[in-house]
Amino acid sequence: MTFRVLIEQVRALVASAVESAGYPKLDFDVSEPPRKEFGDLTCNVAFQMSKQAKKAPQKIAGELIERIKPQQDSFVLSAEPHPAGYINFRANYAKLSTTTLAQVLKNPDSYGYYDSGKGSHVIIEHTSVNPNKALHVGHMRNVILGDALYRIMKATNHRTTVLNYVDDSGLQVADIVVGFKFAGMKTEPPGGKKFDQYCGDEVYVKINEMYEKDKELAEMRKLVLKEIEEGKSEIARFAANITMRVLQEQLKTCWRMKARYDLLNFESHIVVSKLWSRAFELLKKNNIARFEAEGKNKGCWVIEAQGEEDKVIVRSDGTATYIAKDIPYAAWKLGLVDDPFSYAKYQNQWDDSMLYRTTLGGESATDRKFNGGDRVTTIIDSRQARLQRIISQVLSQMGTSGREYLHLGYEAVTLSSATAKSMGIDIGERESTHMSGRKGIYVNADYVLDTLHAKAYEEVKTRNPEFSEQQLNAIAEEIAISAIRYNMVRQDLDKMITFDVKESLSLEGDTGPYLQYAYARSQRILEKSGRQVDSKARFELLTHESEVALIKEIAKLDLVFEDAARSLSPKSLARYAYSLATAFNLFYEKVPVLKEENAGVLMARLALVSAFGVALKNALTTLGITALERM
RNA sequence: GGGCUCGUAGCUCAGCAUGGACAGAGCGAACGCCUCCUAAGCGUUAGGUCGAGGGUUCGAAUCCCUCCGGGCCCGCCA
C-alpha cells in the first residue's frame, strides 16, 4: 500500500502547488521515471500546463517547485525540477522501508490484496472443452487464463463463481458415439490409455476419416445427435455415459494444472429446461427477434446485428441455431431469466472446494446462487469474438439492469513448424500451423505436463540428490505447472502463441521456475539463519541500492493486483512477479545476508528477505504457481 | 469484398489505454563471475530506419489516415 500512498502524496503536493500558484486545476501524470537518476517519481505537470499558461515547462516547474514542501513525516523526501521540464521526487526511504516491511510482516497472508471488488459477484466461464477429447495446448491457454483471472478477482475481493460449460449434446459427442456404436470401435482404450485421449486421438480422428468415404456413416451422426437431444433412448444413455467418462478425465488434467470450478453446466439441461423458449419469448417481447416472411431468410426468426447481416436464430424448420443456444445460457448467467436448475454435488476438488453440477428437478444440495452475477466474463478464443459481440448486444437490448456481459478473447495457440515436423506433419514453408482436433493435429496437455515434469525431475535431482522419489516428483510437478502457467499468461491476449515443445522446456530466464527459484533462495536464507524474523527490526538500516529497489517493488503489489483486476490482465501480474524476482536476485548477488556481522543490519535484512517471500508468494499464488521451499 | 487483430534486436516478447527525458527484457552469440545464503543465478559486449509513408503536436513506438505483410472471422454448421 505504501507506493500507492507515495504517489498520492506527490499528487497532493503538486495539486496544491498548482492551486496556490494561481493556475487552474488540470490532469497530470505521476509515474516512475525511466532512469533512477531522476528519482523515484516524476511529474509531467509543467508540460501539461505550458500551453495554457504560455510559458516554458522549465519555467513553470521552477515556479511550482517553490511551493512544493514535503512534510517531515511523509513518504516524500524532496522535489527538484529537471531542466527538461519535469519535477522529480525522491522518496523517504527510511519511512518507506519501515512502513512497508511492517505492513507485510503484520499480515503476510493478505498482503497486497486490494479491495476493488467490494464483494461484487463476478461469474467466469472458462475451459468448456467438448467432452469428446483430451485437452490440448490450446485449451491450456484458456484454462490457465481463466483460472488466473478467477484468482485475481478473488484477490481483489470479488465474490467469484467459476463455470465450466459441458456441451454434452453437440455434434462432437455424437461423432464418437457413432464411432463406438456404428463403426465398431472399442469402448475400452488399449493399454490403459487415458479415456479422453483415446476418444480424441483415436475415435474422433478415425471417425472423421471414415466419414469421407462412408456417406451413410456421416448421415448417422445426425440421427445420433437427434437421439442425444431427445435424451430418452438407449443411445442417449450411452452417450451420457461416455460424456461423463471423458469429462472426468478432462477435469483430472485441469485439476492437475491447479484450476478449479464451482459448477458444471450441462448443455442438455439447458435444452430440456426450456430455458431457450423462455429466452426466446423475451426476445420476441422486446422486438429483438423478428420473423421473416420473405427474402433469403424466409421462414426464419432473425436478429439484427449491428453492421452485419441478420443472424438466423431459429431455422425455418423450427430448430435453434448455435448462437441461439448461447443466448439463454448468457441470460441465465446474468440472471435475466428464472433459474430452472437444481444443483447436485459432483466432486470435492484439490483445494477442498465442492464442484457442483446442474440437474433438473429434485432438491438442490446447496443454497448457493451460481448465476445473476454483477459481471459475467466468458473466456473463449477470439475466433468467437463476432458471435460474442452479438450476444452482448442482444443481452443489453433485453435490459441487463447495470449488469455487464464481457467476452474475454485471446488469440489461438499454434504449433511451431519444428513441433509440427516432429509429429510427422509437413507444413511446408509456413512458420506455424493451427491445431485441429478433427485431423489429430495438436499436442496434448498431459503430454506437455509429463514432458516438463520429466525435465524438471532431472534438474531437481542433480541439485538435491538426497531427496526421496516422492519429494522429487512433488517438486518436479510444481515446476512443470509453473513453467506452463507462466508461459501461457506472460504475453498479451491478442498475440498468438506459437507453441514449440523444445522451447517450452526452458526453465531459465523469463520463466515460471525462475520465479520459484528466487523464492526458494529466499527461504533458504531464512532457514539457515536460524532466527525468527522480527517485524520491528531497524529497517532504516537498509540503504543499499538493491535493498531499496527491492522494497519499492514489494510496496507496489496492491497496485498491481488492482490493475490486473481492472484490465483483466494476468499478464501484468506475471510481469510484476518477474521484476520482483529480478530485484531479489540482484539483492542476493550484491548483499550477503548471513555473513553480515552487525546484528541490527542482519535482522533488518532477514525481515526484508521474509517480506520479499511474502510478496512473491502472494503474487505467485494468484498466478496459480506454488512457491517452493526447495527446488 | 467487409470486419477484427498482429507487425519493436537473429528469435520470443514488454512498453502503446492516460504522447514526453539516451526504446527495455528473455533466449540465442562472445566473454567473465561459485574457498561466499542453491550458478534454475549475476555481469560485460555485440545486436533496433519501433513494417512503410504521410499527418496532428513544442514532442509520436504510443494518437489519426493511407499502404504493405501475417493471422482470424464473416452458414437456416457447431
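As a basis for the values below, the full set of heavy atoms in this structure was taken, side chains included, without hydrogen atoms, waters or symmetry mates. Remember, predicted model here, so these are calculated numbers, not experimental data. Lettering follows sequence order; numbering is per chain, from 1.
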Does A/Arg383 pair with A/Asp381 as a salt bridge, N-O distance under 4.0 Å?
yes
Salt bridge flag under 4.0 Å for residues A/Arg531 and A/Glu596:
no
Nearest whole Å is fine: how far is B/U12 P from A/Glu411 CD?
16 Å
Looking at A/Tyr322, I'd like to know if the NZ or CZ of A/Lys325 sits under 6.0 Å from its six-membered ring centre while staying within 45 degrees of the ring's axis.
no
What is the nucleic acid contact for A/Glu508, judged by heavy atoms within less than 4.0 Å: base, sugar-phosphate only, or nothing?
sugar-phosphate
Does A/Asn598 have more than 12 heavy atoms from other residues, nucleotides or ligands lying within 6.0 Å of its CG?
yes
Members of residues 38-47 of chain A that approach RNA chain B, where some heavy atom sits under 4.0 Å away
A/Phe38, A/Thr42, A/Phe47
List in numerical order all residues of residues 517-527 of chain A for which some heavy atom is under 4.0 Å away from an atom belonging to RNA chain B.
A/Tyr517, A/Ala520, A/Arg521, A/Arg524, A/Ile525
In whole Å, I'd like the distance from the CD atom of A/Glu431 to the C1' atom of B/G7.
12 Å
Angle between ring planes, A/Phe280 versus A/Trp301, binned at 30° and 60°: parallel, tilted or perpendicular?
perpendicular
Think A/Tyr322 has a side-chain N or O under 4.0 angstrom from the OP1 or OP2 of B/G75?
no
Protein-nucleic acid N or O pairs under 3.5 Å, nucleotides 13-16 of chain B:
{"residue": "B/C13", "atom": "OP1", "partner": "A/Gln491", "partner atom": "OE1", "Å": "2.9"}
{"residue": "B/C13", "atom": "OP1", "partner": "A/Met496", "partner atom": "O", "Å": "3.2"}
{"residue": "B/C13", "atom": "O2'", "partner": "A/Arg575", "partner atom": "NH2", "Å": "3.1"}
{"residue": "B/A14", "atom": "OP1", "partner": "A/Asp492", "partner atom": "N", "Å": "2.6"}
{"residue": "B/A14", "atom": "OP2", "partner": "A/Lys495", "partner atom": "NZ", "Å": "2.4"}
{"residue": "B/G15", "atom": "OP1", "partner": "A/Lys571", "partner atom": "NZ", "Å": "3.1"}

If I take atom CZ in residue A/Arg221 and atom P in nucleotide B/A78, what distance separates them, rounded to the nearest angstrom?
10 Å
Enumerate, atom names and distances included, each donor-acceptor pair closer than 3.5 Å involving a side-chain atom of residues 47-59 of chain A, sequence neighbours excluded.
{"residue": "A/Ser50", "atom": "OG", "partner": "A/Phe47", "partner atom": "O", "Å": "3.1"}
{"residue": "A/Lys55", "atom": "NZ", "partner": "A/Tyr23", "partner atom": "OH", "Å": "2.9"}
{"residue": "A/Lys55", "atom": "NZ", "partner": "A/Glu63", "partner atom": "OE2", "Å": "3.1"}

With side-chain contact (heavy atoms from CB on, under 4.5 Å) as the test, pick out the partner of A/Ser432 among A/Thr414, A/Val413, A/Leu415, A/Thr419.
A/Thr414
Salt bridge or not for A/Lys461 and A/Glu458, using N-O below 4.0 Å?
no
Would you be so kind as to tabulate the donor-acceptor pairs closer than 3.5 Å made by side chains of residues 489-496 of chain A, with sequence neighbours excluded?
{"residue": "A/Asp492", "atom": "OD1", "partner": "A/Lys571", "partner atom": "NZ", "Å": "2.4"}
{"residue": "A/Asp492", "atom": "OD2", "partner": "A/Asp494", "partner atom": "N", "Å": "3.3"}

Given that A/Arg566 and A/Leu171 both sit by RNA chain B, which one's nearest nucleotide is further toward the 5' end?
A/Arg566
A/Lys595 has an atom NZ; how far is it from atom P of B/C34, in whole Å?
13 Å
Assign the ring pair A/Phe587 / A/Phe584 to parallel, tilted or perpendicular, where the plane angle (0 to 90°) is split at 30° and 60°.
tilted
Strictly below 4.0 Å, N to O, side chains only: are A/Asp175 and A/Arg438 in salt-bridge contact?
no
Is there, by distance only and without an angle test, a donor paired with an acceptor across the side chain of A/Asn88 and the base of B/A21 below 3.5 Å?
yes
Are A/Tyr329 and A/Tyr165 an aromatic pair by the rule of ring centers under 6.0 Å?
yes
Report yes if at least one side-chain N or O of A/Arg315 is closer than 4.0 Å to OP1 or OP2 of B/A78; otherwise report no.
yes
Does B/G71 have OP1 or OP2 sitting under 4.0 Å from an N or O in the side chain of A/His434?
no
P atom, B/C67 versus B/C4: distance in rounded Å?
14 Å
Note: for A/Ser506 and A/Lys296 on RNA chain B, the residue whose nearest nucleotide lies more 5' is A/Ser506
Whole Å only: how far is the CD atom of A/Glu32 from the P atom of B/G20?
15 Å
For A/Lys226, is there an ion pair with A/Glu229 - N to carboxylate O distance below 4.0 angstrom?
no
Can you find a donor-acceptor pair, distance only, under 3.5 Å between A/Ser316 side chain and B/C76 base?
yes
Within the structure, does a side-chain N or O atom of A/Lys528 lie under 4.0 Å from either OP1 or OP2 of B/U38?
yes
Any chance CD of A/Gln471 has more than 12 other-residue heavy atoms, nucleotides or ligands included, within less than 6.0 Å?
yes
Per-residue pairing states of RNA chain B in dot-bracket (Watson-Crick or G-U under 3.5 Å; . unpaired, | other strand) read (((((((..((((......[...)))).(((((.......))))).....(((((..]....))))))))))))....
Can you find a side chain N or O atom of A/Arg386 that sits less than 4.0 Å from OP1 or OP2 on B/C4?
no
Have a look at B/C74 and give me syn or anti from its glycosidic angle (syn if within 90° of zero).
anti
Separation of atom OH in A/Tyr514 from atom C1' in B/U38, rounded to whole Å
14 Å
Hey, are the side chains of A/Val448 and A/Phe499 touching, using non-hydrogen atoms and a 4.5 Å cut-off?
yes
Nearest whole angstrom, please: distance from the C1' of B/G41 to the CZ of A/Phe612.
12 Å
note: A/Lys590, atom NZ; B/G43, atom P; distance rounded to Å ~ 6 Å
